[in-house]
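Scroll down for the structure; my scribbles are underneath it.
Letters A, B, ... mirror the listed sequences (proteins, then strands); counts begin at 1. All of these numbers come straight from a predicted model, not from anything done at the bench.
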Number of protein chains: 2
Amino acid sequence: MTTSRKSQCLDAIRHQILSLALPPGSDLDEAKLGAEFGMSRTPLREVLQKLAGEGFVNITQNKGAKVVSMDMAMMRSFFQTAPLIYANIARLACENRSLPQLKALKISQQHFKMATRNNDSAQAAMHNHQFHHIIGDMSQNCYLIPSLQRMLIDHTRLSQTFYRPASPAESALVRQACEQHDQMIAAIENRHAEVAVDLTLQHWALSQDRMERFVRPDPLPVELASPKETANAI
Amino acid sequence: MTTSRKSQCLDAIRHQILSLALPPGSDLDEAKLGAEFGMSRTPLREVLQKLAGEGFVNITQNKGAKVVSMDMAMMRSFFQTAPLIYANIARLACENRSLPQLKALKISQQHFKMATRNNDSAQAAMHNHQFHHIIGDMSQNCYLIPSLQRMLIDHTRLSQTFYRPASPAESALVRQACEQHDQMIAAIENRHAEVAVDLTLQHWALSQDRMERFVRPDPLPVELASPKETANAI
DNA sequence: TGTATGCAATATGTATACAATATAAGGCAG
DNA sequence: CTGCCTTATATTGTATACATATTGCATACA
């Protein structure tokens, strides 16, 4: 199909932005991307326009497209707004979910579980993204969905390290997140709105802690490096 | 300036959609619009892409752009979601408003007041749109703003009759809305978040009633037309 | 008469060439 | 040597021509 080239390109760029392969603020060169995906600049520019509409990039007149930044102001808004959006999306998902969507959610969760068990952190992050995206679809609320999608972009970018746990305690958190997904599916299936909202807020609290640490990591040890290590340095 | 042609076109189409000159569901022909605005199809397509990103139109592959519809599902979501978004935007506006924005808001309100006094309903609706749009800017919350803007599109479209009052009682409602704007400005200026939220919810309740009547108008009188009128018909 | 099929007309999608704008380098004056 | 202006280069914006897809109509057949 000739039209799939554009959507393929769209997916590829989205993926690169979510995985931080294209870091926040990076420039997207039309000519270069056009060559990369084997299409002329005209359709590629339309892809960038679409990505701008979805909140993945910012386009400035005569300056091209840049991956949306993750500055202080954004972070602040992010942590401030996420519970509001997530909780209300969850509530609406209970009301409006369809059976095909429920099935898609279960499949997505299977993929997610698989990725976490294989310690495939990149895949886990992407499947987690998809999981919450489907819950957004379930809400069937065309006003909240744009907000949710923008939140998910930054959520996924911020949580890139979440599924790459460094300690057993952190592995336990990932397992807990996975269990919460299962419980959320059950709540949505049974239309238990209050339960779903509650779970969503717990789920948020879990990842919030980890994300804030990604932004503001633990300080390095104050002691100087040991003599041996210093010897090998540079 | 050469670049302003595109933004001019953008504004024109936005205005036509908000004023229902382009009714929901209507088709946007690229070639026709291109000729109308004196530009080729390439930049015009980019305008349509941008409008799609803002929620004014829907673009379907190989089928072009249509003005977003106002169907049942949308309405339901609209009335369900508006208080949530408006209230939180108002709260954030109190926290984050800048002085230039405050000034812009006051000017916008002057224009609004003028339009209502002149019974210029079209202008009133547009200035009301701008007023709430500025409050959105004040929130400085990049996650909620897309939701707000989508709400405002439909709010403005639904309220086209609001400022065209048919009775003295309805004129009083418009005056009350205008007063609420003044009070909202004061609350935002003085950072009284709770007051602003409260006013916003009252403001919403006021227009909600009128809008629902626009959607579901009072039934026509059951009695047949009088003989005299019948004689003149067709 | 109803339906299916193929063709024509129209509209959208893409490629390429050219124009305008921004960025960076280099030269000149102070 | 520094600051600014000029010019060269790279990148984005626009127009046009062509390719492809959809839609409607006409015609043929059941």
Side-chain angles (χ1 to χ4, degrees), chain A residues 1-17 20-69 71 142 153, chain B residues 1-17 20-69 71 142 153:
Chain A
M1 207 200 282
T2 172
T3 177
S4 76
R5 222 173 17 171
K6 238 161 84 167
S7 68
Q8 197 178 331
C9 167
L10 213 54
D11 283 337
I13 298 179
R14 278 201 206 101
H15 189 283
Q16 287 179 24
I17 292 175
L20 297 178
L22 284 171
S26 57
D27 239 325
L28 298 180
D29 184 358
E30 295 175 1
K32 218 178 72 183
L33 286 171
E36 187 176 327
F37 291 99
M39 61 207 303
S40 79
R41 280 178 50 224
T42 310
L44 192 118
R45 279 169 68 86
E46 301 203 344
V47 165
L48 294 179
Q49 295 275 350
K50 186 133 195 264
L51 288 171
E54 293 172 355
F56 283 89
V57 305
N58 279 328
I59 294 178
T60 316
Q61 188 73 249
N62 294 323
K63 293 217 191 162
K66 276 190 197 308
V67 176
V68 288
S69 67
D71 54 19
C142 60
I153 292 170
Chain B
M1 206 198 284
T2 172
T3 177
S4 76
R5 219 173 21 169
K6 238 161 86 168
S7 68
Q8 197 177 332
C9 168
L10 214 53
D11 284 337
I13 297 179
R14 277 201 207 101
H15 190 283
Q16 287 178 26
I17 292 175
L20 297 179
L22 283 171
S26 56
D27 239 324
L28 298 180
D29 184 357
E30 296 174 2
K32 218 177 74 182
L33 287 172
E36 186 177 328
F37 290 99
M39 62 209 301
S40 79
R41 279 177 52 223
T42 310
L44 192 116
R45 278 170 68 88
E46 301 203 346
V47 166
L48 293 179
Q49 295 275 350
K50 185 133 196 265
L51 289 171
E54 293 172 355
F56 283 89
V57 304
N58 279 329
I59 295 179
T60 316
Q61 188 74 250
N62 294 322
K63 293 219 190 158
K66 275 190 197 308
V67 176
V68 289
S69 67
D71 52 21
C142 60
I153 292 171

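Spacing between atom NZ of A:Lys50 and atom C1' of C:dG13 amounts to 15 Å, rounded to whole angstrom units. For A:Glu30 and C:dT14, the CD to C1' distance is 15 Å, given to the nearest whole Å. The CD atom of B:Glu46 sits 7 Å away from the P atom of D:dT14 (whole-angstrom rounding). Distance, A:Gln61 CD to D:dT11 P: 18 Å, rounded to whole Å. A straight line from CG of A:Leu28 to C1' of D:dT12 spans 14 Å, rounded to a whole angstrom. Distance, B:Lys66 NZ to C:dA11 P: 13 Å, rounded to whole Å. As rounded to whole Å, 14 Å separates atom C1' of D:dG13 from atom CG of B:Leu44. Rounded to a whole Å, the NZ atom of A:Lys32 is 11 Å from the P atom of D:dT12.
Evaluation of atom-type donor-acceptor distances gives a pair under 3.5 Å for the side chain of B:Arg41 against the base of C:dG13.
The side chain of A:Asn62 lies closest to D:dT12, out of C:dT16, D:dT12, D:dT14. Closest to the side chain of B:Thr42, out of C:dA15, D:dG13, D:dT23, is C:dA15. Residue B:Asp29 has its side chain nearest to C:dA11 when only D:dT12, C:dA11, C:dG13 are considered.
Listed here is the closest heavy atom pair of A:Ala65 and A:Leu48: CB-CD1, 4.1 Å.
Applying the 4.0 Å criterion to OP1 and OP2 of C:dA15, one finds that A:Arg5 has a side-chain N or O inside that range. Applying the 4.0 Å criterion to OP1 and OP2 of D:dG13, one finds that A:Lys63 has every side-chain N and O outside that range.
Two residues are said to be in side-chain contact when any heavy atoms from C-beta on lie closer than 4.5 Å; A:Glu54 and A:Arg14 meet this criterion. For the pair A:Val47/A:Leu33, no side-chain contact is recorded, criterion being any heavy-atom separation below 4.5 Å from C-beta on. Counting heavy atoms from C-beta outward, B:Ile17 and B:Val68 have side chains that stay 4.5 Å or more apart.
Here the side chain of A:Arg5 pairs a donor or acceptor atom with the backbone of A:Gly38 at under 3.5 angstrom.
Toward the 5' end of DNA chain C, the nearer of the two residues A:Ser40 and B:Ala65, judged by each one's closest nucleotide, is B:Ala65.
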